[in-house]
Novice: 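Got a structure for you, written out below as structure tokens; questions coming shortly.
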There are 2 protein chains.
Amino acid sequence: MPMLSKFNHKENATVKVLKHLYDLINEGKLKPGSKLPAERKLAEELCVGRTHVRNAFAELEFYGIVKTFPQSGSVIAAIHHNALQGLISDIMSIENYDFFSLVETRLILEMESVRLACERADEKDIEALKLAHKDYLDNFHSPRRVEKDMIFHRVIAQASRNDVIKSMLLIITPDILSHYVTKDFCSTPLPTDKHEHQIIIDAIEARSSSKAVSAMRLHLDRLYTFAKQQKI
Amino acid sequence: MPMLSKFNHKENATVKVLKHLYDLINEGKLKPGSKLPAERKLAEELCVGRTHVRNAFAELEFYGIVKTFPQSGSVIAAIHHNALQGLISDIMSIENYDFFSLVETRLILEMESVRLACERADEKDIEALKLAHKDYLDNFHSPRRVEKDMIFHRVIAQASRNDVIKSMLLIITPDILSHYVTKDFCSTPLPTDKHEHQIIIDAIEARSSSKAVSAMRLHLDRLYTFAKQQKI
DNA sequence: TGTCTTTAATTGGTCAACCAATAATATTTT
DNA sequence: AAAATATTATTGGTTGACCAATTAAAGACA
């Protein structure tokens, strides 16, 4: 049950608020760039607790279309009402993601991550990478292997010097993990994994981004194929 | 002030809870996979309101490392304590992202988005794309142009059939927008933008992913260059 | 009349009490 | 003694009240 949204949308109270804001925009009662109703007022009008209103506002703020000022109020982004409605609509429709999309996205981000790492990694990064790989090898036959692999990839993301990509991987990787422990994927370690990690390290050290990217693709190919056939 | 984290980290009460959990794991008092302390208990121990504890738990749940069960308690992910600490540490360190990383990530996601759209878009998607472009052209000399452009790109993301990428773009695009309205970027429309959109549409319709990707790169090149020189 | 000061109302942020569901314990029954 | 049942305690979820800061309004003064 992977989520990219902070809130569980089974709780309809929050989406009720979002829907109401959507309607207010639709009716022209809430102009883009203007202050939106006070939390208490909205809560009373919709007969929901103020907590839910605050949750809705927080989610909108997360997506950058609302800015809340303490003891003053909240304002909605000054973009056209059609765009606003589209954004809110998208936010409400955010639910659980399918496994394949998660894996596909991870593949993309990991490939870009390692490509950037080739350009930007310094000696310290490469040292950390080698250490993470050693740690991975030491735990190769233990259940910790999966987590050590995760750490290995996080070190690469760190070396990419792009905190946005790093955070995005941070978000989706645990979701993927929880998915394939239930599907009993990766229960037995493959010896090829050892070499694949080493190839990636060598490519980064040699600053060969093409080699690093293709090595990363190969490394994640089994997961990708697995996700693809799960989809069907 | 772009954030990828739902919570404002200026409020130190929440990070105080995260730090405490980190310490508990460090001291071995909180074992991976076990139940973590009750919200009330933590709140009292740390002399903070339960709201802050709940915020911390919600953030950890967002990143998939805790799961909360109503009227029962919350459990922490059953991964090795080193990995857990790394995740919590990363979460706490999430702050504002630099503009360049945001733009770089957007470029990556947009290119992949349009590549997938070439493979997966159906007639309905292409129709919506043409409509969005027409809408863009109609507002080319109005301040709405920026939002219409945003919608155009969202239609592409929709056609990519990858909701994870779509959501990620949804998160970072408003941040980028707010950045370059303050920097007075894109204040005057460039005629080339019109043709660039059209080239992308044609490439998608012709299922030519290489053309579509390079067209997208070209389309975002001005923004990318702008972000690059802002970085210095 | 116009400006400054003071006061009252409104706002988001925080907290503590309450609710229903769960888990643990005590009690009864077989 | 063991199992089933009833009771109590604990849990996350929710609500309403309170707090300090801000804003709007009213009043005083020039």
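Computed from a predicted model, the values in this text were never measured in an experiment. Each chain gets a letter, A, B and so on, in the order its sequence line appears, and its residues count up from 1. The figures that follow rest on heavy atoms only: side chains count, while hydrogens, waters and symmetry mates do not.
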Novice: Return the value, rounded to whole Å, for the distance between atom CD of A:Gln71 and atom P of D:dT23.
Specialist: 10 Å
Novice: Round to the nearest Å and state the distance from B:Asn55 atom CG to D:dG12 atom C1'.
Specialist: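 My rounded result for the distance is 14 Å.
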Novice: Under 4.0 Å between any heavy atoms, over every strand shown, what does A:Phe69 touch: base, sugar-phosphate, or nothing? Just pick one.
Specialist: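 The residue A:Phe69 makes sugar-phosphate contact but no base contact.
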Novice: If the threshold is 4.0 Å, N to carboxylate O, is there a salt bridge linking B:Lys166 and A:Asp90?
Specialist: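 A:Asp90 and B:Lys166: salt-bridged.
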Novice: Return yes if a side-chain donor-acceptor contact under 3.5 Å exists between A:Asn26 and A:Gln85, otherwise no.
Specialist: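 Yes, side-chain donor-acceptor contact under 3.5 Å.
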Novice: What is the distance from NZ of B:Lys67 to P of D:dG12, rounded to the nearest Å?
Specialist: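 Rounding to the nearest Å, NZ of B:Lys67 and P of D:dG12 are 14 Å apart.
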Novice: What contact category does A:Thr51 fall into here, base, sugar-phosphate, or nothing, at under 4.0 angstrom with non-hydrogen atoms?
Specialist: base
Novice: Does anything in residues 32-42 of chain A come within less than 4.0 Å of DNA chain D? Heavy atoms only, and list the residues if so.
Specialist: A:Arg40
Novice: Without decimals, in angstroms, what is the distance between B:Arg50 CZ and D:dT10 P?
Specialist: 14 Å
Novice: Pairs in or reaching into residues 39-48 of chain A: which pass side-chain hydrogen bond (donor to acceptor under 3.5 Å, both in side chains), with residues at least two apart or in two chains?
Specialist: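 Sorted result for residues 39-48 of chain A: A:Glu39-A:Arg50, A:Glu39-A:Arg54.
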Novice: Can A:Thr105 and B:Asn162 be said to form a side chain to side chain donor-acceptor pair (under 3.5 Å), step by step?
Specialist: CA-CA 8 Å; A:Thr105 307; B:Asn162 186 317; 3.3 Å; yes
Novice: Answer yes or no: is there an ion pair linking B:Lys134 with B:Asp138, defined by an N-O contact shorter than 4.0 Å?
Specialist: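 Yes, this pair counts.
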Novice: Going by an N to O cut-off under 4.0 Å, is there a salt bridge joining B:Asp193 and B:Arg222?
Specialist: yes
Novice: Can you measure B:Phe57 atom CZ to D:dG13 atom C1' for me and round it to whole angstrom units?
Specialist: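 Spelled out: CZ on B:Phe57 to C1' on D:dG13 is 14 Å.
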Novice: Under 4.0 Å from OP1 or OP2 of C:dA23: is there any side-chain N or O of B:Ser72 that close?
Specialist: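 The answer is yes; a side-chain N or O of B:Ser72 sits under 4.0 Å from OP1 or OP2.
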Novice: Using heavy atoms to find the nearest nucleotide of DNA chain D for A:Val48 and B:Ser74 separately, return the residue whose nucleotide is more 5′.
Specialist: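 Residue closer to the 5' terminus by nearest nucleotide: B:Ser74.
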Novice: Please state how far atom CZ in A:Arg54 lies from atom P in D:dG16, giving the value in whole angstrom units.
Specialist: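 From A:Arg54 CZ to D:dG16 P: 15 Å.
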Novice: Can you tell me how far apart CD1 (B:Ile65) and CZ (B:Phe57) are? Round to the nearest 0.5 Å.
Specialist: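 One gets 11.0 Å once the value is rounded to the nearest 0.5 Å.
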Novice: Is any side-chain N or O of B:His52 closer than 4.0 Å to OP1 or OP2 of C:dC15?
Specialist: yes
